[in-house]
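Here the structure is laid out as structure tokens; the discussion comes afterwards.
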Amino acid sequence: NAGVTQTPKFRILKIGQSMTLQCTQDMNHNYMYWYRQDPGMGLKLIYYSVGAGITDKGEVPNGYNVSRSTTEDFPLRLELAAPSQTSVYFCASGTSRETQYFGPGTRLLVL
Amino acid sequence: GENVEQHPSTLSVQEGDSAVIKCTYSDSASNYFPWYKQELGKRPQLIIDIRSNVGEKKDQRIAVTLNKTAKHFSLHITETQPEDSAVYFCAAANTGTASKLTFGTGTRLQVTL
């Protein structure tokens with residue numbers, strides 16, 4: 001199993017541009033999560049999903065959107081990128097409400 | 001909702017010494033408490049977890065203790081080694097009602113030679 005994969009690894013965006021961060025897991029996990037981690041800081045939950053077709057907001061959802069059309073994929077959409085969205089984005093998945101397995105992260109720089 | 005506080009924010013120990021990181025939580029219904037280790041530039045990885053029906057759990061040099069009455073739990077690392085240097089995050093969840101973890105703010109552990 002590849003586990004949780006994320007693409008791209010690194011991206012530079014201009015202010016106002018949009019992009020989609022991809023997250024895929026091959027472990028048949030129902031639970032999937034998106035976090036952001038600012039430099040030297042902790043993890044903040046953006047959105048999460050408990051199964052295909054079901055998504056819910058975390059603590060910092062503004063400026064982001066998600067969809068969950070399949071069990072495997074949980075893309076994160078950034079609309080109108082702002083410098084405040086410069087961060088490292090981690091996707092995670094799990095079989096239950098407990099253990100979460102993290103992807104390698106996407107480093108995003110908005111200039 | 002749940003709130004998790006973590007202390008200290010930074011910790012420096014000499015190789016071979018023990019390190020202790022403490023977390024407190026606010027929701028008495030929380031029943032699952034994992035610890036994650038994040039090395040520089042890497043993803044967080046689960047290193048140990050404990051459930052509310054257990055007071056202590058050990059795995060080689062690491063152990064976690066839970067005090068439900070006081071609503072705090074701690075990570076203990078014995079015989080620290082340079083490869084233990086990382087940021088450690090605690091988390092808490094009520095797995096009966098919540099589908100997400102609430103993370104602490106992290107502790108940067110530096111093991112010096």
Side-chain angles (χ1 to χ4, degrees), chain A residues 2-7 9-10 21 23 25 27 29-61 66 68 74 87-108, chain B residues 1-10 21 23 25 27 29-54 57 59 64 66 73 86-110:
Chain A
V4 181
T5 58
Q6 293 183 237
T7 57
K9 292 183 180 179
F10 176 66
L21 283 67
C23 175
Q25 52 88 12
M27 299 174 283
H29 287 169
N30 285 325
Y31 295 81
M32 296 189 74
Y33 306 84
W34 274 107
Y35 295 90
R36 61 175 287 174
Q37 186 176 37
D38 298 337
M41 304 295 284
L43 297 160
K44 294 184 179 179
L45 183 64
I46 305 171
Y47 272 96
Y48 66 101
S49 170
V50 301
I54 306 169
T55 62
D56 208 347
K57 297 179 180 179
E59 58 181 308
V60 290
V66 293
R68 184 92 182 273
F74 190 39
S87 192
V88 178
Y89 291 84
F90 287 103
C91 178
S93 73
T95 56
S96 67
R97 294 169 172 172
E98 296 183 348
T99 307
Q100 294 185 17
Y101 299 92
F102 284 80
T106 293
R107 190 174 300 273
L108 177 66
Chain B
E2 176 66 279
N3 182 53
V4 177
E5 295 187 356
Q6 184 172 348
H7 299 281
S9 56
T10 60
I21 302 170
C23 289
Y25 60 98
D27 186 354
S30 288
N31 60 351
Y32 177 66
F33 308 93
W35 286 89
Y36 286 80
K37 175 183 181 182
Q38 186 178 30
E39 297 177 356
L40 189 62
K42 301 292 181 63
R43 73 189 80 184
Q45 291 192 300
L46 178 72
I47 55 171
I48 195 168
D49 58 11
I50 191 168
R51 293 171 178 79
S52 59
N53 59 346
V54 176
K57 185 177 179 180
D59 184 2
V64 58
L66 171 65
F73 56 110
V87 177
Y88 292 81
F89 292 97
C90 64
N94 175 354
T95 59
T97 60
S99 300
K100 53 189 171 72
L101 297 172
T102 299
F103 283 89
T105 49
T107 295
R108 182 173 301 277
L109 174 64
Q110 181 70 43

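Within every chain, numbering begins at 1; the chains are lettered A, B, ... in the order of the sequence lines, protein sequences first and strands thereafter.
- Across all their heavy atoms, A:G42 and B:F89 have their closest contact at CA-CE2, 3.6 Å.
- Distance check: A:Y48 OH to B:L101 CG gives 11.5 Å after rounding to the nearest 0.5 Å.
- Contact record, B:R43 with A:G103: CB-O, 3.2 Å, taken as the closest heavy-atom pair.
- At a 4.5 Å heavy-atom cutoff, B:Q45 makes no contact with chain A through either its backbone or its side chain.
- Heavy atoms closer than 4.5 Å to chain B are found in both the backbone and the side chain of A:F102.
- Residue pairs meeting the salt bridge (Lys or Arg N to Asp or Glu O under 4.0 Å) criterion with at least one member in residues 98-108 of chain A, sequence neighbours excluded, are A:E98-B:R51.
- If you measure heavy-atom distances from A:V88 to chain B, you find no contacts under 4.5 Å at all.
- With a 6.0 Å radius and a threshold of 12 heavy atoms from other residues, nucleotides or ligands, A:M27 has its CE atom above the threshold.
- Atom OH of A:Y31 is separated from atom NZ of B:K100 by 13.0 Å, given to the nearest 0.5 angstrom.
- B:Y36 places a side-chain N or O within donor-acceptor distance of the main-chain N or O of A:Q100, the cut-off being under 3.5 Å.
- Annotation: the span from A:L43 atom CG to B:T102 atom OG1 amounts to 11.5 Å, rounded to 0.5 Å.
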- [ ] Take A:Q37 and B:F103 through the side-chain contact (heavy atoms from CB on, under 4.5 Å) test and state the conclusion after the steps.
- [x] CA-CA 12 Å; A:Q37 186 176 37; B:F103 283 89; over 6 Å; no

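- Your options are B:P44, B:A93, B:G106, and the one with the most heavy-atom pairs under 4.5 Å with chain A is B:P44.
- With a 4.5 Å cut-off on non-hydrogen atoms, B:T95 touches chain A through its backbone and its side chain both.
- Interface remark: of the candidates A:V50, A:L45, A:D56, A:T99, A:T99 forms the most heavy-atom pairs closer than 4.5 Å to chain B.
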